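Please read all numbers here as calculations on a predicted model, not as lab measurements. So you know, we letter chains A, B, ... as the sequences are listed, proteins then strands, and number each from 1.
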Amino acid sequence: MTQKVIIAGFGGQGVILAGKLLAYTGMVEGKNVSHIPSYGVEMRGGTANCAVIISDQEIASPLVVHPTSLIVLNKPSLLKFEDSVTPSGRILVNESLIDREVKRKDVVVLYVPANKIAEEAGNGRSSNMVMIGAWLAVTGLFSQKTIKESLPRVVSKRNLRYNEINERAIDMGYEYAKNAG
Amino acid sequence: MTQKVIIAGFGGQGVILAGKLLAYTGMVEGKNVSHIPSYGVEMRGGTANCAVIISDQEIASPLVVHPTSLIVLNKPSLLKFEDSVTPSGRILVNESLIDREVKRKDVVVLYVPANKIAEEAGNGRSSNMVMIGAWLAVTGLFSQKTIKESLPRVVSKRNLRYNEINERAIDMGYEYAKNAG
Amino acid sequence: MKDPERVVIAKECCKGCELCIDACPRGVLEMSEEINSSGYHYSVFANKKDCNSCTLCAVICPDMCIEVYK
Amino acid sequence: MKDPERVVIAKECCKGCELCIDACPRGVLEMSEEINSSGYHYSVFANKKDCNSCTLCAVICPDMCIEVYK
Amino acid sequence: MKAVYERPRTLRDTPMHYCPGCGHSIIHKLLSQSIDELGIRERTIVVAPVGCSVLIYNYLDCDGSEAAHGRAQAVATGLKRARPECVVVSYQGDGDLAAIGTAETIHAANRGEKFSVIFVNNAIYGMTGGQMAPTTLAGQPTKTTPFGRDPKEIGPPLRMCELLSGLEAPAYIERVSVHDVKNVLRTKKAIKKALKNQIEGAGYSFVEVLSMCPTNWGMTTRQASSWIEENMIPYYPLGVYKDRGKERNAK
Amino acid sequence: MKAVYERPRTLRDTPMHYCPGCGHSIIHKLLSQSIDELGIRERTIVVAPVGCSVLIYNYLDCDGSEAAHGRAQAVATGLKRARPECVVVSYQGDGDLAAIGTAETIHAANRGEKFSVIFVNNAIYGMTGGQMAPTTLAGQPTKTTPFGRDPKEIGPPLRMCELLSGLEAPAYIERVSVHDVKNVLRTKKAIKKALKNQIEGAGYSFVEVLSMCPTNWGMTTRQASSWIEENMIPYYPLGVYKDRGKERNAK
Amino acid sequence: MGEKVLMRGNEALCESAIIAGCRFYFGYPITPQNEVPAYMARRLPEVNGCFLQAESELSAINMVWGASVAGKRVMTSSSSPGISLMQEGISYLAGAELPAVIVNIMRGGPGLGSIGPSQSDYFQATRGGGHGDYRTIVLAPQSVQEIADIMIDAFDLADIYRNPVVVLGDGVIGQMTEPLVLPKPSTRTLPRNDWVLDGASGRDARVVMSLRLSPPGALETHNLHLKEKFCEMERNEVRYEEYELSDAQLVIVAFGTAARVARTCMQKARGLGMKVGLLRPVTLWPFCADALGALAEQRRVKAFLTVEMNLGQMLEDVRLAVLGRKDIFFYGRTGGSVPDEDELFGKITEVFS
Amino acid sequence: MGEKVLMRGNEALCESAIIAGCRFYFGYPITPQNEVPAYMARRLPEVNGCFLQAESELSAINMVWGASVAGKRVMTSSSSPGISLMQEGISYLAGAELPAVIVNIMRGGPGLGSIGPSQSDYFQATRGGGHGDYRTIVLAPQSVQEIADIMIDAFDLADIYRNPVVVLGDGVIGQMTEPLVLPKPSTRTLPRNDWVLDGASGRDARVVMSLRLSPPGALETHNLHLKEKFCEMERNEVRYEEYELSDAQLVIVAFGTAARVARTCMQKARGLGMKVGLLRPVTLWPFCADALGALAEQRRVKAFLTVEMNLGQMLEDVRLAVLGRKDIFFYGRTGGSVPDEDELFGKITEVFS
Ligand SMILES: Cc1ncc(C[n+]2csc(CCOP(=O)(O)OP(=O)(O)O)c2C)c(N)n1
Ligand SMILES: Cc1ncc(C[n+]2csc(CCOP(=O)(O)OP(=O)(O)O)c2C)c(N)n1
Ligand code: SF4
Ligand code: SF4
Ligand code: SF4
Ligand code: SF4
Ligand code: SF4
Ligand code: SF4
Ligand SMILES: [Mg+2]
Ligand SMILES: [Mg+2]
């Protein structure tokens, strides 16, 4: 098993954190993991993304050229990464902010109204967690439980107070995806 | 004909200038010339020296390892360079400041009371010119005339006023050497 | 022909900093409920009739989103 | 045993800067006619009887050539 | 109806990459307006710093030269001496001008180089993500002063206007702010004056602008604006520190 | 008879390479005496500059560290923070401290680093053969200002005491001179005080010493001494620019 | 073995430095290594160390001199342009034989370039970007675990040879998060610090300097002494890793992130029956020239392929090792771009066809 | 041919720069090149130029950027430690494609070292001591005449390739006085300066920079463009001189002052029947690898002897050119010492026996 995930969105959407959550959970589950944030050419106000690998094998290259899963939180990210997804891979689209359909026909697509769900969960900023929940549902890689246990280990102290909302967002994303699927 | 001259003394004794005078005169006379001041390890208060080559042939290495003539104005310089002189080369010693005899037996030595003669010429500081005059006398390489014509071309404007004294010092050094020889 | 607006705000250019809101001495401007395609709530020319085209909102707008007419 | 001098000047160490000459309030010191082995005229404890060991010559001597006794 | 507030000619119609409420954007606009009003766009050269405003030449429609971090005033010196007919503006952040570029700043000022400096003091390293700047306030937390800047350990914030006004050569030194409209208007005047000085050959002109960095201060724009008012201005008093033109006129 | 003036313990019995009448030699002696009198030879570390005094550690019998040109105060910062129990002295020329080392000087001073600086202002680059220093006087000819320093082109001489006393952190700033006996004695006091401050943990102490460079000024020692009196002191007034100890006591 | 933790390369190297006993850090912010000063600013005070943000990289490297001369373990870090500013200081440290660890998390150059990951300071690091005859040991980690382990080694090597040591990571290594087990402190016995400045109490005064003016030839003598040290490093400190070289016909040579991408491609190629191996230099200087030379001698080795995140810098060292005995191919990406698996695989196929 | 004058190397290079149209000089004093700023301070005002003593070498190289960006011919000079301080600036100039001439009159290193003559900045100059993928043309004169001639070339090359050019002389070249004929201004046609900043009047605004952030890959594209320029330089600008190579069995490779000492020894050896020749690189980068490679191919050539005033830096380039085909010997003096005729001659005899 080797999962290569790219999570991408605006600077403030918490994509790096979402990636770190996956990596941490993978580590706890005894997998090999790696996580690389984009920090390269992007400037303030541009897009941010990160590449996560979770694998049973040793990870040689930590760079992700062809993700098995792509999670996109805004439109520029979809445009940028759509073509790179491995055939029969997955694309999870935040349809709250992306008014465009995925063109690729050889991939599995799931549209999630992440911002809307996040607002319902209690904070519009937890759309990243909604997407993580949805991804869990479609891949079944980890349990909701382990990922929620990892959560407090990757968020900053200051943001621990949002823990409950984040957990709810994960659950609601999970449920949405299960029902949609 | 290849003359390799090292002129050495204290910092203030004008050895660099003396070397430049030789080089300039050599150039005017159609020779190939080179001049390298020591500027290396010496510090203030240390010794200064320069290496001059005057030759009919093209000058490959401008560095002088074995001078054909050594002109020393103070004692440390004699100690430093005595051994390097080429066999049957010449050593000209400023005996006003050097109370030591040349040990080498295979070289031609001339002792010149340069400071004393310089005082007589009108300025104790022209001992360098006295030595140049003496060197001219023993090598016969240039005429007193050409060297005196070169003089104003190598001294700084500020020091042009000493021209007459310098010329006199050259003449007196020349005479001294002629008579001594 | 309808009279053009005194204040024209480029919605897509607005970053929602709210400096214009504070700068307007007449409380004309308000923040939108919606977000623009960059994800920002944006400034809206709301209480139009109170505007006297004093330009202060435009003066402070960091992103040159506001043009004022008189 | 002759009384040692009040001022002892290390001739070979002197660089002939003449600062001590100017520093002495009693005109005790003078420059030599001769030069030392470094080629400098050097300071000489000349008018010895006028010296009161005030140390000022030594205080200014850059090269620590002067020792003063009292 | 006629437009009474429009984009200045010199400010390109391009979205800027700055964060919401960033002072740089306002200052770019004021600089552009000043250039327009003085009619010098065609002979202005902006020396761009390393810092958040490293892309200033994407926004200003006039010639621009990069400078290595801290070296903007060395570059401006070479440039102005080579092209005295041009109007040279060195635009720098507080890290750029007051940390790594300290020597270049002091010496350009002391030589009285005949260019204009716009010094954006946002009390932080914006571009690199919020480290301490020489101008970071006492107690202010940053990435490299996580417990707040401790003046006992690393000294108090550096006041550049005060420091430079000890020098003879500078013609004009003023500190302004862009945290509210009133001050934005004053800043505009100061920048314009700095350029005008240069056109008239008056010599080194230095405008320090207190500027918001909401992102790295961890504040909303509004909080940032109040923070300047309540914390920065008391330590960095606004006003003219030096004006040789005034002195000259007074005499 | 008993010796009333002898070589201080810390000053090695070695001939110094300095030119006749060079101020460095006098200052070395005063520093040695101060170290002796305070009994700190065994815990003093002198940071040697690049400049004519680059060999100071040949003359002072205490620990010594080289520093790259201009970086003495950065070295001293690292050293003092690593060895707070030692007495660290940064000994620097005017080229070293006020040109290439400007940033290091301003920032060490502003941080209030707890070491002592001896700043030898001889208005010239001695070691490299007489080029303009930041402190070269207006009109003074040097190798790189052959027609005399022109303040209109390259600014007036930089006054470091004045500049630094604008900063909050420094504990003590004084300017003295070694051009005659009276002033040599005052210089001794100032140097000793700078060291004493450090022992007491008072913070950054800075002593500027006006010093002769007869060789590169093209003067006899006597002329050099008068030149300090008549030309340097009027521009570089002697005296205490800052003394936090005094302030503290006064309060 | 200790507990696995998840850390970013830039933070792991800090924690490891602290384990190695480093208590002094002087540095200046620059992307992509800003996590280093941030981490040190938080952690060093907790261990009674001293973090100081210098006014510039120039000051930082000279503060490093100051703490080093005091006998303390000290480090700095920066990225390419900042490291260029330290070249004078590094040359001074080498000249004065002062230990120090300098971390360069490389970005794209020349000039301001970009902040993308890069390996284009290879020449600067391995040839001495500063003036004069000197070398620095250069360690090139490929993972978060390795950058942590390497820091322990780096401080030891600096002390053993009294020479600056450069840890050369590309931006990916610094920014990447991976699980690691934090290393244990070293147990090596180190040479006595009989040169440290702490006041001439009960001993003769000491001087630490790089200037050698007298007697004449003093600097040459010193340089020859340094040279001997460098030769010793060449004899003792070459480190590299081999992957599937026993039957390789094509030998890839790559370090850092490039080596990891190369390994993925190697595996893929092996899957298709191409006999590809990888030699990964861990020390870039001293370089594993002997190992490469021995491979070049083997009949079965047909060619070498150097992979770098630059325009071909290590390539020169590979050429010097192979000395014309076999073909050498090159695949490089530059300016902040990373090697592309597909492209590199294409290159391998090409070589085999 | 003009009149012969007697000048010091440091002064001849200045006068020649002025003949080449250089009107801007920014620099900072350092031995052994202090005659350069002193000369420029006197002469530039006479030709309406601008001499400015910078507050440091760092400022100097960035002032050079300022005048260069303005389209003026500009130079700086320094010696080894000062050149190390300029590495960031040189990398920036190369990245932004700005012409400039940088003179390095080398002294002994590392660190403060000594002020004796040296060639130990060879690596720094030829490999790019700064960060990133870039090169500078490096010209190495051997005499006062040649340093004067080379300055004319240097300014042209800088303009043609829009790249910094380094003139690398050792302390002897700078300090030596020899007769020379001052060169004539160049008559080459140079590319149009369509990038110069002089105000956006009647044209679009221009920007000169080394930063390339967007689009993604912009820096890589730029670096590949630079690489093409560097390849062009390698094709067109290799300069070297041959001495008695037609029948040589031993080929000495040496530049600058070392080459002159080598020539004396070569003559002496020839006098005794040893077939010695000399190849003297004038450009150190691009390096005359082809010429050396061709010699290595010749059966009669038995060996090479590299002579340098360092511990063996050009030696690497010789090895890269010879690629193991022939033995390579080395004779070097370092730390401010010059090659000794007797020693070198001994070495030659040794090789022949
Ligand atoms: C030599 C060098 N060191 C460090 C950096 C990284 N760097 C870029 S901008 C910057 C400071 C930014 O702060 P400031 O000058 O205050 O500008 P701001 O972003 O706050 O406007 C730093 C440290 C660099 N580019 N070059
Ligand atoms: C980086 C660098 N630049 C330049 C020099 C050359 N240099 C040595 S000392 C010195 C200045 C000397 O002047 P100052 O600091 O005033 O000391 P002084 O000799 O007058 O006492 C210079 C420029 C150097 N050693 N290193
Ligand atoms: S123009 Fe004046 S009144 Fe109108 S919205 Fe703007 S600030 Fe308010
Ligand atoms: S000031 Fe400008 S950017 Fe800010 S909210 Fe108002 S319109 Fe939007
Ligand atoms: S001790 Fe005083 S009185 Fe005696 S010589 Fe010296 S200065 Fe003059
Ligand atoms: S002060 Fe000292 S060096 Fe100067 S003349 Fe007097 S004794 Fe000699
Ligand atoms: S980080 Fe700060 S200075 Fe930079 S763009 Fe954002 S608000 Fe402005
Ligand atoms: S050159 Fe000047 S500073 Fe240097 S030793 Fe001589 S007098 Fe002193
Ligand atoms: Mg800032
Ligand atoms: Mg000085």
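Chain D forms the most heavy-atom pairs under 4.5 Å with one residue out of F/Gly21, F/Gly23, F/Cys22, F/Pro8, and that residue is F/Gly21. Taking chain F as the reference chain and counting heavy-atom pairs below 4.5 Å, the highest number among D/Val8, D/Ile66, D/Asp63 is found for D/Asp63. When each of D/Cys61, D/Gly16, D/Ser53 is checked for heavy-atom pairs under 4.5 Å with chain F, D/Cys61 comes out on top. The candidate from D/Glu18, D/Glu67, D/Met64 with the greatest count of non-hydrogen atom pairs under 4.5 Å with chain F is D/Met64. The most heavy-atom pairs under 4.5 Å with chain D, out of F/Lys182, F/Lys29, F/His28, come from F/Lys29.
Both the backbone and the side chain of F/Val4 come within contact range of chain D, each with at least one heavy atom under 4.5 Å from a heavy atom of that chain. The parts of F/Lys2 that come within reach of chain D are both its backbone and its side chain, each placing non-hydrogen atoms under 4.5 angstrom from that chain. Residue F/Ile27: no heavy atom, backbone or side chain, is found under 4.5 Å from chain D.
Taking the side chain as every heavy atom from C-beta outward, F/Pro15 and D/Glu12 never approach each other to under 4.5 Å. In this structure, F/Tyr5 and D/Lys70 have side chains that are not in contact, with every pair of non-hydrogen atoms separated by 4.5 Å or more.
For the residue pair D/Lys15 and F/Tyr18, the shortest heavy atom distance occurs at NZ-O, 2.5 Å. The minimum heavy-atom distance linking D/Cys17 with F/Pro20 is given by the pair CB-C, 3.9 Å.
Using non-hydrogen atoms only and a strict 4.5 Å limit, the part of residues 19-28 of chain D facing chain F consists of D/Leu19, D/Ile21, D/Asp22, D/Ala23.
Heavy atoms of other residues, nucleotides or ligands lying less than 6.0 angstrom from NZ of F/Lys193 number more than 12.
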